[in-house]
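Some notes on the structure that comes next.
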Amino acid sequence: MFCTHSLIGQNKLTNAIYSLKNKELDKAKELIDAASVDSMFSKRAATWYYKGFIYKDLFKRDEANIKTSPLREKAVEFFLKSYEMGPNSTFAKGSSQGIKFLAQTYYNQSAISFNPTDYPLALSSYEKYKALVSRVDTTADFKEKDLNFNLAMASTYGRIASIDSTKSKLFLDKAKEIYEEVLAIDPNNITANYNLGILYYNEGVEIVNTMDYGLDLVELTILQDQIVEMFRTSLPYMKRAYDLNPTRKETLIGLQGIYFSLNDIPKSEAFKKQIDELNGSDSTKQDPNSTIEQPTKE
Amino acid sequence: MSLVPKVYYFYKLTKKEFVKKLSTVILLLVFTIGSAFSPALSNQNVDTNAKIKAVFIYNFTKYIEWPSDYQTGEFTIGILGENPALFKELDNMSKVKKVANRDFRIQSIESVEDLKKQHILYIPKGNNISISLVNSKLKGKSTLLVTEAPGLAKQGAAINFIIVGNRQKFELNKTTVSNHNLKVSSTLEKLSVLVN
């Protein structure tokens, strides 16, 4: 009796593997689901490894484009179960690779979700990726990936701020906070330095742009202090970006604008000259205001 | 139990498959991370100084009193020389603001010879125009002469923009103002840098 039961149970698993090999995934799922609730196989790492593998293939077939795929969640759960049943077992390496594979899908999902609508998914997917990799690789180093992730997230916050004025301050502050965090780890990060410089500069410009012409002189004095403070705060970041790459055109344009707004015209013009040299043309003979719309003369 | 050898055999196949699939994913990863970075924010071609000057100039219209023969018709601001950014700001201002229910008229003036009965005459810096020549043309007129270069208030401009601590401030020459029959409020005087 025991022998018959054992053979039936064994058939469930071996048949599931056979179906998987023949790409009969639905049948494989049915068989492995049955095997995994069979007390004979439910405590074996092999059962959960194959269950994870079958669910992983089902995810790829049916739910690869579903952001919150239940099949992927299940596959992860089964691979983890197999891995934790015997980290040194025959199936540990396969389960580990299965987990890493699915972790990569979360990472990719994060990378394509950096937009004003899906950014929460970018965040949760990246956290999921890190959590999974950490489970099977305790030496995993996320420093560089964290840096790239933070830069992309800050950039996304900047985009949200630019399209939604009601949330502008909130998201600009979030972006600034992230760039500061990046610079605390990597002070020479050119993207963080440049973008932080631009964010502060734009904040100053935004105050000017929204200023009413009828503003009282006393209020104007207060606002000028705020504007100058923004431009002054912006300057060291932009200068750092310049030191790191003195020929980057965007940085030169940034410095030209900041110095101009700080009424330091000689320095602004010096950077304009560098931009002109980069452009391969000497525009020093041109009207310095030539990029600004010309007035209609009476 | 003959399961283990079979499993091992199948496991070897799946391992190969994993390696193949993983390398595909890693390639995709590099691409998607690269495209995840959005361009940095930028806000160029904004002349913040011109907007601030326009706000100052609008305040001058509120805190300076012109004689009665200047209190009808359009309120004219002339710019003698080139400053397209300021012209644009003043033009924008003229569309939304008035001086005591009077419309603004912003003029670009090419030559001293073209000066007429402007309420305010603005001379941008770098325009190599003689202040004494302008003042001789403005003699007997109630035109507020506004400049933006060091020392011009002492040379005869009524108001001269200066830079103090990266901020725009203005010098006031009370003698010149009164010579043109203009009255300055105490508020404006307090916020100015007096040159005499």
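Order of the sequence lines fixes the chain letters, A, B, ..., with proteins taken first and strands second; residue numbering starts at 1 for each chain.
- Taking CD of A/Q224 as the reference point, atom NZ of B/K169 lies at 6.5 Å (rounded to 0.5 Å).
- No more than 12 heavy atoms of other residues, nucleotides or ligands shown are found within 6.0 angstrom of NZ on B/K183.
- Heavy-atom contacts from other residues, nucleotides or ligands closer than 6.0 Å to NZ of B/K62 number more than 12.
- The part of A/I265 that comes within reach of chain B is its side chain, from C-beta onward, which places non-hydrogen atoms under 4.5 angstrom from that chain.
- With a 4.5 Å cut-off on non-hydrogen atoms, A/S113 does not touch chain B at all.
- Of all residues in residues 130-167 of chain B, those placing a non-hydrogen atom less than 4.5 angstrom from a non-hydrogen atom of chain A are B/I163, B/G165, B/N166, B/R167.
- Heavy atoms closer than 4.5 Å to chain A are found nowhere in B/K53, neither backbone nor side chain.
- At a 4.5 Å heavy-atom cutoff, B/K190 makes no contact with chain A through either its backbone or its side chain.
- A donor-acceptor pair under 3.5 Å is absent between the side-chain atoms of B/K97 and the main chain of A/Y213, judged by distance alone.
- Both the backbone and the side chain of B/F56 come within less than 4.5 Å of a heavy atom of chain A.
- Between A/M211 and B/V55 the shortest heavy-atom distance is SD-CG2, 3.7 Å.
- Here A/L220 contributes atom CG and B/Q168 contributes atom CD; the two are 8.5 Å apart, rounded to the nearest 0.5 Å.
- Residue contact with chain A, scored on non-hydrogen atoms closer than 4.5 Å, is absent for B/D91.
- Both the backbone and the side chain of A/D225 come within contact range of chain B, with heavy atoms under 4.5 Å apart.
- Summarising the geometry, atom OG1 belonging to B/T48 is positioned 11.0 Å from atom CD1 belonging to A/I258; distances are rounded to the nearest 0.5 Å.
- Heavy atoms closer than 4.5 Å to chain A are found in both the backbone and the side chain of B/N92.
- Distance check: A/L217 CG to B/N59 CG gives 3.5 Å after rounding to the nearest 0.5 Å.
- Of all non-hydrogen atoms in B/N49 and A/F260, the two that sit nearest each other are ND2-O, 2.9 Å.
- Residue contact with chain B, scored on non-hydrogen atoms closer than 4.5 Å, involves the backbone and the side chain of A/L215 alike.
- Here A/G214 is the residue among A/G204, A/G214, A/A154, A/A122 with the most heavy-atom pairs under 4.5 Å with chain B.
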